[in-house]
Number of protein chains: 2
Amino acid sequence: MFKLSKKVEYGLIALRHMALVDTITTAKEIATHYQIPFDLLAKVMQKLAKTKIIISHQGIRGGYKLAGSANNISVMSVIQAIEGHIPGIVQCIDEGLENCSIHQNCTIRDPLHKVQKNLESTFINLKVSEIV
Amino acid sequence: MFKLSKKVEYGLIALRHMALVDTITTAKEIATHYQIPFDLLAKVMQKLAKTKIIISHQGIRGGYKLAGSANNISVMSVIQAIEGHIPGIVQCIDEGLENCSIHQNCTIRDPLHKVQKNLESTFINLKVSEIV
DNA sequence: TATTAATACGACTTATTAAGTCCGTGAGTT
DNA sequence: AACTCACGGACTTAATAAGTCGTATTAATA
């Protein structure tokens, strides 16, 4: 409950690592260095590549490197890249009101929406470069 | 990922309901009114009663009522009462460093700790009475 | 004092989501 | 051509959340 997924965790670790080494790096390197399951990390990095947060190079001397500076990468963009959408703290914020039986007399959605916004701006303002 | 549990959701709904009606209320009443599974809600309310957020009365005209004013009940205290502990946004914050293989060269824990603190103060400052 | 309607609480089952694995494909370098 | 990397879908396993069930306890009241 209320945890970031391992995928996001791994993604942040990988990005931070790439920011530090500043050369092309392979998923395997990062996986062994931090003892992260390779297959899982590989997919996470593929998603980061798809959204242009990192740039991939195939082939024998291939790997990944950051597309830009680490202080332009927000944690929010990483979450979005990996999870596909911004998670909502309660179901109705996350998925909409469709399968909510009480939206008529729901008393908690509005205030939790504020919490949600607060949370989001925290993640937007937090850059990968700050992850020291 | 990153959602409050249904139990917490139900707890907040129940508390808000009790704040509104201001008389002794049963779990059954709330369950039927909001279409919440009775057994689950009952246990949630028992936990709220154990931590003295609400007061329980057994017996035939029994039920629950708020122990105090709704603006003295923080969402954080509700989470804590129901979940038993304050959830951490990543495993090492939630459970400690025991089963973390990279704590030596972890690059993400400290900044996420700030996010965690921010989050917690949001939940501490948000009172059940504000849940309008 | 028997009945009834409520809470209390542990054990259990089911459903959902997260985490991890496997396997074949495609790409670029040497 | 061979090697080593990324790519990506399908699948399995593990973990957690959600929900259910059974039984005990408590107190009002007829």
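Every chain is numbered from 1 and lettered A, B, ... according to where its sequence line falls, protein lines coming before strand lines. Hydrogens, waters and symmetry mates play no part in the numbers below; they use all other heavy atoms, side chains included. Since the model is a prediction, treat every value here as computed from it, not as a measurement.
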Just by distance, no angles: are the side chains of S56(B) and Q46(B) close enough, under 3.5 Å, to form a donor-acceptor pair? no

Figure out the [atom1]/[atom2] separation between [X] and [N], and round it to whole Å.
X: Q58(B); N: dT23(D); atom1: CD; atom2: P; value: 19 Å
X: Q46(A); N: dC23(C); atom1: CD; atom2: C1'; value: 14 Å
X: D39(A); N: dG8(D); atom1: CG; atom2: P; value: 15 Å
X: K7(A); N: dA19(C); atom1: NZ; atom2: P; value: 7 Å
X: F2(A); N: dT16(D); atom1: CZ; atom2: C1'; value: 16 Å
X: L41(B); N: dG19(D); atom1: CG; atom2: C1'; value: 12 Å
X: K50(A); N: dG8(D); atom1: NZ; atom2: C1'; value: 8 Å
X: K6(B); N: dA17(D); atom1: NZ; atom2: P; value: 13 Å

Quick one: on DNA chain C, does P37(A) or R61(A) contact a more 5' nucleotide (nearest heavy atom)? P37(A)

Contacts of L4(A) and G59(A) projected onto DNA chain C by closest heavy atom; the upstream (5') one is L4(A)

I82(A) CD1 to M45(A) CE distance, which is reported to the nearest 0.5 Å: 10.0 Å

Pick base, sugar-phosphate or nothing for M45(A), based on heavy-atom distances below 4.0 Å to the nucleic acid. nothing

So what does A27(A) touch, heavy atoms closer than 4.0 Å: a base, only the sugar-phosphate, or nothing? sugar-phosphate

So, is Y64(B) close to the dA6(C) phosphate, meaning a side-chain N or O under 4.0 Å from OP1 or OP2? no

For dC7(D), take OP1 and OP2 only and decide whether either is under 4.0 Å from a side-chain N or O of S56(A). yes

Taking the nucleotide of DNA chain D with the closest heavy atom to each, which residue, G62(A) or K3(A), is nearer the 5' end? G62(A)

Counting only distance, no hydrogens or angles, is the base of dT20(D) paired donor-acceptor with the side chain of K43(B) under 3.5 Å? yes

State yes or no: are the ring centers of Y34(B) and H17(B) separated by less than 6.0 Å? yes

Report yes if the side chains of V90(A) and V8(B) come closer than 4.5 Å at any heavy-atom pair, otherwise no. no

Residue [X], side-chain heavy atoms: nucleotide from [options] that is nearest:
X: I60(A); options: dT7(C), dT4(D), dA28(D); answer: dT4(D)
X: F38(B); options: dA18(D), dA11(C), dT7(C); answer: dT7(C)
X: L40(A); options: dT25(D), dG8(D), dT21(C); answer: dT21(C)

Is a side-chain donor or acceptor of Q116(B) paired with a backbone partner of I89(B) at a separation under 3.5 angstrom? yes

